[in-house]
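Some notes on the structure that comes next.
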Amino acid sequence: MVARDLLGCILVRRDGTHVLSGRIVEVEAYTQNDPASHAFRGRTPRNDVMFHAGGVLYVYFTYGMHFCANVVTGPEGRGEAVLLRAVEPVEGIDVMRTRRNRPDIELANGPAKLCQAFDLGRAQNGLSLVGPEIQILPGRRILSKDIIRTPRIGITAGQERLWRFVLREKTPRRHRRFAAENE
DNA sequence: AGGGAGATTTTCT
DNA sequence: GAAAATCTCCCTA
């Protein structure tokens, strides 16, 4: 599964003036035959990018005020993506601080938070992940024993699928409880 | 430290 | 018209 491989990779974001980067520490997988997925009910204007061939970014607007970003992973027409839920800031932390105006632990430890920190919005929907603005680079090898698997967050259907993957180290604060239960 | 509620608007039924 | 792949504030301990 691609989701596991994204853990530990480095998300790089370049705009005209800044270079931001962060280590991916939490992701969720969504497939087409998955009732929790935007792709489940077919292709629409909103989720169109999710059906593109893999290697592009799918950014969607939700809850009337937030953006979330996904890595599209399927072949053309399939509707498959991995939601980026949290990164550990590496470069450009000062820029993230001004954009987020929150304690450092909360700069990018949630799907909408990292979009705000990295300035991902409608304009980035469909962008290539090998282009100048956004890249995902390999990071250090992650051992499967350092990956925690849990139900996905914020969904009502498909909870039986344990498709949320979190790096054991640097577990975001609100997931400490689950991590402890699985020691 | 943890839980609950409100915010706010797009999207599709 | 209802629900949404969420965040932040405010409350209680």
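Residue numbering restarts at 1 for every chain, and letters A, B, ... go by the order of the sequence lines.
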Next item on the list: Please confirm whether any donor atom in the side chain of Tyr63(A) sits under 3.5 Å from an acceptor in the base of dA5(C), or the reverse.
Entry: no
In whole Å, what is the span from the [atom1] atom of [X] to the [atom2] atom of [N]?
X         : N       : atom1 : atom2 : result
Lys113(A) : dA5(C)  : NZ    : C1'   : 15 Å
Phe67(A)  : dT11(B) : CZ    : P     : 10 Å
Ile153(A) : dA4(C)  : CD1   : P     : 15 Å
Asn125(A) : dT10(B) : CG    : P     : 15 Å
His66(A)  : dT9(B)  : NE2   : P     : 12 Å
His38(A)  : dA4(C)  : NE2   : P     : 10 Å
Leu84(A)  : dT6(C)  : CG    : P     : 13 Å
Phe61(A)  : dA7(B)  : CZ    : C1'   : 11 Å

Pick base, sugar-phosphate or nothing for [X], based on heavy-atom distances below 4.0 Å to the nucleic acid.
X         : result
Arg152(A) : nothing
Ile155(A) : sugar-phosphate
Ala112(A) : sugar-phosphate
Arg102(A) : sugar-phosphate

Closer than 4.0 Å, any side-chain N/O of [X] to the OP1 or OP2 of [N]?
X         : N       : value
Thr44(A)  : dC12(B) : yes
Arg85(A)  : dT6(C)  : yes
Arg164(A) : dA5(C)  : no

Next item on the list: Would you kindly say whether Arg100(A) and Gln116(A) are connected by a side-chain donor-acceptor distance under 3.5 Å?
Entry: yes
Next item on the list: Could you verify whether a donor N or O on one side chain and an acceptor N or O on the other, from Tyr58(A) and His52(A), lie under 3.5 Å apart?
Entry: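 No, because no side-chain N or O of Tyr58(A) sits under 3.5 Å from a partner of the opposite role on His52(A).
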Margin query: Let me spell it out: for each of Thr156(A) and Gln116(A), pick the nucleotide of DNA chain C with the closest heavy atom. Which residue's pick is nearer the 5' end?
Written below: Thr156(A)
Check: Paired with dT8(B): which nucleotide, if any, by Watson-Crick or G-U wobble criteria at under 3.5 Å for both distances?
Finding: none
Next item on the list: Just name whichever nucleotide pairs with dA5(C), Watson-Crick or G-U, keeping both distances under 3.5 Å, else none.
Entry: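 In the structure as shown, dA5(C) has no Watson-Crick or wobble partner.
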Next item on the list: For atom CZ of Arg43(A), decide whether the heavy atoms of other residues, nucleotides or ligands shown that lie under 6.0 angstrom number more than 12.
Entry: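 For Arg43(A), atom CZ is crowded (more than 12 foreign heavy atoms under 6.0 Å).
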Identify which nucleotide among [options] has an atom closest to any side-chain atom of [X], counting heavy atoms from C-beta outward.
X         : options                 : answer
Tyr30(A)  : dT9(B), dA5(C), dC12(B) : dA5(C)
Arg122(A) : dT8(C), dT6(C), dT11(B) : dT11(B)
Arg100(A) : dA4(C), dT11(B), dC7(C) : dC7(C)

Check: If we only count heavy atoms from C-beta on, is the Asp119(A) to Arg13(A) side-chain gap below 4.5 Å?
Finding: yes
Checklist line | Contact check, side chains of Leu107(A) and Ile93(A), non-hydrogen atoms, under 4.5 Å | finding: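 Sidechains of Ile93(A) and Leu107(A): in contact.
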Notebook entry, point to check: Does the ring center of Tyr60(A) lie less than 6.0 Å from the ring center of His38(A)?
Noted result: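 Yes, ring centres under 6.0 Å apart.
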